[in-house]
Number of protein chains: 2
Amino acid sequence: MARVTPQTHGDILAAAARRFAVTGYKGTSLQDIAREVGCSKAAVLYHFANKEALLAELMAKPLDVLRQLDEQLATLDGADAQRAGAEGFVDLAVRFRREIALLRGEFPELLAQPAFAHVQRISERLIDALTGHTDRLEARIAALVLLAGISEACAEFVDVPDDELRPALLAIARRTLAPLDPPPPLDPPVND
Amino acid sequence: MARVTPQTHGDILAAAARRFAVTGYKGTSLQDIAREVGCSKAAVLYHFANKEALLAELMAKPLDVLRQLDEQLATLDGADAQRAGAEGFVDLAVRFRREIALLRGEFPELLAQPAFAHVQRISERLIDALTGHTDRLEARIAALVLLAGISEACAEFVDVPDDELRPALLAIARRTLAPLDPPPPLDPPVND
DNA sequence: TCAGGATCTGACCGATCGGTCAGGCATGCT
DNA sequence: AGCATGCCTGACCGATCGGTCAGATCCTGA
């Protein structure tokens with residue numbers, strides 16, 4: 001057998017990303033990953049404590065960026081929050097679209113895993129920002145449509161270059177989000 | 001002949017729908033379903049040939065409605081197709097949101113199953129209709145964002161009454177879809 | 001040269017998966 | 001009564017899952 005160097009760690013990570021993106025987290029076995037790398041399943045578990053650790057390492061960077069976006073949004077309000085939330089999430093989604101692809105709707109279950117304990121609350125705050133911190137039902141629905149749609153589109157159009165995907169998604173986001181009642185920017189909106 | 005059969009068949013179907021919606025298709029075992037019904041796993045497999053047959057029966061009606069929508073869209077063009085596609089899909093998604101919820105991102109894999117062989121092509125034609133049969137990239141992305149977003153929103157807001165969810169989604173769809181009423185003469189306008 | 005750590009393997013584990021099977025228990029028909 | 005049929009069960013099957021383990025192989029430094 002091909003005896004390879006410690007790049008195996010990275011190889012395993014890359015193979016896992018590829019398989020997860022196609023067959024999902026639950027739908028991908030450690031055997032699948034090992035087969036794609038060309039090593040034994042035991043080798044995979046030598047480099048990673050368990051299957052969840054693999055996922056956690058794959059998602060570490062995007063989760064960190066998401067956390068930064070969350071912090072930034074906490075300082076904004078109204079239309080500013082709306083705009084920054086949309087742009088921030090589009091940037092994040094485009095940049096990490098391969099990582100997003102591998103979550104493929106397993107979100108509800110994966111969020112229950114320890115590694116993603118905080119993501120649920122962050123995404124709720126993100127939706128809140130996208131509504132401009134209003135609580136109108138349609139605004140909340142629009143925000144969720146947008147987040148889920150962008151995620152899915154990024155997973156689907158992995159091969160479209162960033163500089164085509166990003167402006168397209170930004171234009172879509174601008175249209176989708178309901179404009180706050182006062183359209184012009186300089187008016188501080190009222191919070192409840 | 002048709003004896004007064006216990007409602008076990010329907011009970012199993014309902015239990016499966018509930019479990020699938022929470023833990024997904026792959027994430028739900030026949031044991032789980034049997035436990036929720038209060039019968040044996042073998043009883044589940046007495047009423048349904050296999051796990052896939054359970055899913056197929058759950059999705060039969062929504063799939064039929066989707067097929068009807070596909071037929072209708074084949075007769076339309078341009079803005080008509082766009083409008084009919086959006087309204088038709090919103091209606092379908094709202095009406096069958098519980099069924100949609102149970103697909104929870106397992107779409108890519110489930111579509112590979114025999115029962116859903118044709119769905120892939122239908123959804124491609126639906127996206128095409130939502131673009132007004134243009135092939136601009138942004139229009140295609142917008143259509144996919146909308147379809148995926150609506151599906152997810154319907155799965156998320158299962159408890160919102162139809163007469164609130166439907167108009168909200170229609171308004172969102174109208175905003176999200178790129179307008180093609182003024183036919184694109186030359187270059188699309190550059191923003192920013 | 002050789003010790004020792006890093007890397008990797010095959011064999012194996014218990015659990016659970018989807019699915020099969022023979023038979024038990026009612027009930028209704030003749 | 002006797003029989004057939006619909007409904008359901010527990011026991012069981014092979015496959016696969018995530019994960020463990022003892023040891024083989026490699027590389028490096030003393």
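Remember, it's a predicted structure, so these values are computed and weren't measured experimentally. Below, read A as the first sequence line, B as the second, and so on, with proteins coming before strands; counting in each chain starts at 1.
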Would you tabulate the side-chain donor-acceptor contacts of residues 60-69 of chain A under 3.5 Å, counting partners in other chains and residues two or more places apart, or write 'none'?
{"residue": "A/D64", "atom": "OD1", "partner": "A/R67", "partner atom": "NE", "Å": "3.3"}
{"residue": "A/D64", "atom": "OD1", "partner": "A/R67", "partner atom": "NH2", "Å": "2.5"}
{"residue": "A/D64", "atom": "OD2", "partner": "A/Q68", "partner atom": "NE2", "Å": "3.1"}
{"residue": "A/R67", "atom": "NH1", "partner": "A/E71", "partner atom": "OE2", "Å": "2.8"}

- line: Per-nt protein contacts along nucleotides 16-23 of chain C (heavy atom under 4.0 Å; B base, S backbone sugar-phosphate only, - none) come out as -SBBBB--
Please list, chain by chain and in numerical order, all residues satisfying side chain to side chain contact (heavy atoms under 4.5 Å, CB included) with [X], sequence neighbours excluded.
X     : result
A/A74 : none
B/D80 : B/L76, B/R83
A/R35 : A/Q31, A/D32

Spacing between B/H9 atom NE2 and D/dC8 atom C1', to the nearest angstrom: 15 Å
- request: Starting from C1' on D/dC7, measure out to CD1 on B/I12 and report it in whole angstrom.
  value: 11 Å
If you look only at distance, which donor and acceptor atoms sit under 3.5 Å apart when one is on a side chain in residues 14-21 of chain A and the other is two or more places apart or in another chain?
{"residue": "A/R18", "atom": "NH1", "partner": "A/E36", "partner atom": "OE2", "Å": "2.3"}

Does OP1 or OP2 of [N] have a side-chain N or O of [X] closer than 4.0 Å?
X     : N     : result
B/Y46 : D/dC8 : no
A/H47 : C/dC8 : yes
A/T8  : C/dC8 : yes

- prompt: Just by distance, do the side chain of A/T176 and the backbone of A/A173 share a donor-acceptor pair under 3.5 Å?
  reply: no
